[in-house]
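Below is one structure; the comments refer to it alone.
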Amino acid sequence: MKNSFFLFAFLLINAIGFAQETEVKFDENLAKSLNADEYGMKKYVFCLLKSGTNKTASKEETKKLFEGHMANINKLAKEGKLAVAGPFMKNDRNYRGIYIFNVETVDEAKALVATDPAIKANLLEAELTPWYSSAALQETVKIHEKIAKTKM
């Protein structure tokens, strides 16, 4: 019985300690800088990239267009217009990658998609839809720069 009491006390003290560590610490300045709403969320536009209709581009032309595609991704990320981008692994649905644009409207995202050479050449096709997610997502690019040993 005495051992049970000490075990219970030990578990209770640990539970209280863990509960205190997970206490939410609202940072109003950070929330404002990220345009977060009261839930810490904001509007984005999700873009699904699929294989386009251009099946006749040469390997050389395709390589050059995808170099421009990557340069455009880096440019948009540096401008703060692109929160996340990345390719899908091989799949049978013709899904190639995603963009999550740090803009509020599909029209704004359409203008950004129009700057992508691979999309202009119809190597890729973009589907856009409004999306609501954590405002912290915008910080991904800054964090990624700190963990990427080799740049793409």
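Residue numbers count from 1 along this sequence. This structure is a prediction, so every number in the text was calculated from the model and none was measured.
Cluster membership check: Ile73 shares its hydrophobic cluster with Val45, using side-chain heavy-atom separations under 4.5 Å among Ile, Leu, Val, Met, Phe, Trp and Tyr. Note on Leu76: it clusters hydrophobically with Val103, by side-chain heavy-atom contacts below 4.5 Å among ILVMFWY residues. Trp131 and Val106 are members of different hydrophobic clusters when ILVMFWY side chains are connected at heavy-atom separations under 4.5 Å.
Every side chain to side chain donor-acceptor pair (under 3.5 Å) that Thr115 has, sequence neighbours left out, goes to Asn72. Listed by chain and residue number, Tyr132 satisfy the side chain to side chain donor-acceptor pair (under 3.5 Å) test with Asp37 (two or more places apart in sequence, or in another chain). Applying the side chain to side chain contact (heavy atoms under 4.5 Å, CB included) test to Asn94 and every residue at least two apart in sequence or in another chain returns Ser51. Thr56 is linked by a side chain to side chain donor-acceptor pair (under 3.5 Å) to Asn54, counting only residues two or more places apart in sequence or in another chain. Annotation: side chain to side chain contact (heavy atoms under 4.5 Å, CB included) contacts of Thr62 (sequence neighbours excluded): Ala57, Phe66, Leu123. In this structure Ala148 satisfies the side chain to side chain contact (heavy atoms under 4.5 Å, CB included) test together with His144, Lys151, sequence neighbours excluded. Partners of Glu38 under the side chain to side chain donor-acceptor pair (under 3.5 Å) rule, at least two apart in sequence or in another chain, do not exist in this structure.
Atom OH in Tyr44 sits 6.0 Å away from atom OG in Ser134 (nearest 0.5 Å). The structure places CZ of Phe46 at 9.0 Å from OG1 of Thr129, a figure rounded to the nearest 0.5 Å.
Within the structure, the salt bridge (charged side-chain N to carboxylate O under 4.0 Å, His left out) test picks out the following pairs touching residues 48-62 (sequence neighbours left out): Lys50-Glu127. The salt bridge (charged side-chain N to carboxylate O under 4.0 Å, His left out) analysis of residues 136-145, with sequence neighbours excluded, yields the pairs Glu139-Lys142. The list of side chain to side chain donor-acceptor pair (under 3.5 Å) pairs with a residue in residues 97-114, not counting sequence neighbours, reads Lys42-Asn102, His69-Tyr99, Tyr99-Asp116, Asn102-Gln138, Thr105-Glu108.
Side-chain heavy-atom separations under 4.5 angstrom define the hydrophobic clusters, and the remaining members of the one that includes Leu30 are Leu34.
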Run the side-chain donor-acceptor check on residues 79-90: report pairs under 3.5 Å with partners two or more places apart or on a different chain.
from: Glu79; atom 1: OE2; to: Lys75; atom 2: NZ; distance (Å): 3.3

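Exactly one of Thr53, Ile119, Val113, Leu65 qualifies for a side-chain contact (heavy atoms from CB on, under 4.5 Å) with Leu124. That residue is Ile119.
Scanning all heavy atoms of the two residues, the minimum distance from Phe101 to Cys47 falls at CE1-CB, 3.8 Å.
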